[in-house]
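Both counts, for ligands and for their atoms, begin at 1 and track the order of listing.
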Amino acid sequence: MHSFRYRQGLLHCERASLEELASNYGTPLYVYSSQTILEHYRKLDLALADLDHEICFALKANSNISVLQLLAKEGSGFDIVSGGELYRVIRAGGDPRKCTFAGAGKTADEIAYALSVDVLSFNVESEQELIAINEIAGRLGKIAPVALRVNPDVAVETHKYISTGKAENKFGIGFERIPEVYRNAARLRNLRLCGIQTHIGSQITEVSPFAEVITKLLPLVASLQKDYGIEFFSIGGGIGIAYHDALQSGDQGWWKNHEPTFTIQEYADAILPILRGIPVRVLIEPGRYLVGNAGVLLTRVLYIKESPTKTFVIVDSGMNDLIRPALYQGYHEIVPVRESASEKKFTVDVVGPVCESGDFFAQGRELPAIRAGEVLALMSAGAYGFTMASNYNSRLLPAEILVTGADAQIVRRRQTYDDLISLEMG
Ligand code: LLP
């Protein structure tokens with residue numbers, strides 16, 4: 001479900017015309033719908049209402065402070081992976097005591113920072129990290145709350161770069177070794193064993209792996225609760241979203257009919273019976289589900305180029321603005337913000353200005369007739385869009401807009417050439 005619809009032939013985000021936003025603020029431009037973000041948050045919260053639970057938004061998906069503010073006001077916790085993300089949460093008015101700190105390579109400075117603001121938990125990925133946290137906590141006169149991240153060795157169908165729960169991935173500690181590592185951790189004086197965590201991957205489009213991993217870990221959770229009094233089980237993120245046919249579908253059934261993915265109710269129906277009666281609080285770390293379909297990247301067509309074999313639509317956004325197609329062969333639906341009057345379709349490649357052959361948004365895509373100067377929307381770009389953007393080719397980072405009803409707020413201005421070199425000496 002999302003709030004991007006054609007009204008009188010013009011694509012709108014809620015009640016704001018995207019063509020108008022592109023004219024007013026320029027392109028490339030990220031536009032987010034606050035209504036969609038809140039709706040997704042509330043839907044998930046409601047679906048889990050039977051459980052003692054906490055939603056910790058994985059802000060690697062979208063870390064704009066205004067987006068974080070929106071979720072913080074709603075009561076969300078946060079899943080962070082760096083000192084920078086923690087800083088953003090705090091600047092957004094989020095509660096650090098609702099932050100889980102994940103990641104395989106936390107530095108001493110980051111650990112000290114997180115201890116100083118009393119994060120909810122360090123989700124620990126190795127024994128050396130446990131020892132480092134214990135030592136830093138001792139030095140600061142703190143007791144560090146820790147949860148081990150379990151690598152459950154469960155396979156999921158997703159791109160290999162975003163699958164994390166198999167034994168060969170770098171993430172977590174092997175399932176078989178977990179009891180022993182907790183025993184060792186319990187001897188470290190400056191640690192408090194507060195939970196257990198897992199995350200099997202991202203953009204998962206079927207519910208069975210979630211049910212499988214929870215079923216596999218449940219006896220472990222019960223025994224850790226008994227032995228060490230752990231307080232939570234974090235089931236990670238990973239809920240997949242629909243990337244195809246986002247606009248063709250109606251309000252209902254949009255998830256189901258167009259892509260092999262599941263509704264939040266189906267997700268809850270699959271995991272709630274297993275989790276019912278669990279002796280600890282359940283944490284969930286969604287990123288993409290909350291923000292993915294809540295955002296688009298607007299781009300203007302610069303040129304149309306016909307080659308002997310292909311038609312290229314050359315746009316003013318590149319892989320530096322949205323890297324998902326280049327990095328994961330990610331699919332993003334592309335639609336003109338001015339609805340096409342004709343049903344006729346043409347096969348084109350939509351490419352950016354970056355000097356790389358991998359700089360494309362679509363290859364061999366059927367699109368209506370596209371003209372130079374018009375604005376296109378790359379759909380479902382609210383997650384892992386801006387957060388993965390870079391200055392490659394010395395291109396300026398795009399601006400970001402947050403829409404609420406008819407109101408469009410600029411929540412990050414476009415970089416300038418001065419910004420681009422502002423940290424360089426010379
Ligand atoms: N928790 C942990 C420990 C994670 O590593 C991740 C994502 C999440 C939660 C949130 O996962 P989500 O609910 O968003 O699937 N850049 C890639 C996705 C990378 C995901 C990394 N970890 C993409 O654009 O598809």
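Between the CD1 atom in Ile230 and the SG atom in Cys194 there is a gap of 8.5 Å [rounded to 0.5 Å]. Atom CD1 of Ile136 is separated from atom OG of Ser116 by 12.0 Å, given to the nearest 0.5 angstrom. Here Glu54 contributes atom CD and Ile284 contributes atom CD1; the two are 12.0 Å apart, rounded to the nearest 0.5 Å. Taking CZ of Phe312 as the reference point, atom OH of Tyr303 lies at 16.0 Å (rounded to 0.5 Å).
Considering all non-hydrogen atoms of both residues, Val124 and Ile133 come closest at CG2-CD1, 3.7 Å.
For atom 4 (C) of ligand 1, the nearest non-hydrogen atom from the set Arg149, Gln197, Glu125, Lys60 belongs to Lys60. Distances from atom 3 (C) of ligand 1 to the heavy atoms of Glu285, Arg288, Met388 put Glu285 nearest.
In terms of protein heavy-atom proximity, atom 19 (C) of ligand 1 is closest to Ile162 CG2, 3.6 Å. Nearest protein heavy-atom contact of atom 24 (O) of ligand 1 is Arg324 NE, 2.7 Å. Nearest non-hydrogen protein atom to atom 14 (O) of ligand 1 is Tyr384 OH, 2.6 Å. At the shortest separation from atom 8 (C) of ligand 1 among protein heavy atoms lies His199 CE1, 3.4 Å.
Ligand 1 places these atoms under 4.0 Å from at least one heavy atom of Ser202: 11 (O), 12 (P), 14 (O), 15 (O), 18 (C), 20 (C). Every atom of ligand 1 is numbered from 1 in the order shown, and the set under 4.0 Å from a heavy atom of Ala58 is 8 (C), 9 (C), 10 (C). Counting the atoms of ligand 1 from 1 in the order shown, those under 4.0 Å from a heavy atom of Asp79 are 1 (N), 2 (C), 9 (C).
Salt bridge absent: Glu85 and Lys60 never bring a charged side-chain N and a carboxylate O closer than 4.0 Å. No salt bridge links Asp118 with Lys98; every basic N to acidic carboxylate O contact stays at or beyond 4.0 Å.
Under the 4.0 angstrom criterion for non-hydrogen atoms, Tyr328 is in contact with ligand 1. Not a single heavy atom of Gly236 lies less than 4.0 angstrom from ligand 1. Residue contacts with ligand 1 include Pro286, since one or more of its heavy atoms lies under 4.0 Å from the ligand.
Both the sub-6.0 Å distance and the 45° axial angle are not jointly satisfied by Lys106 relative to the ring of Phe122.
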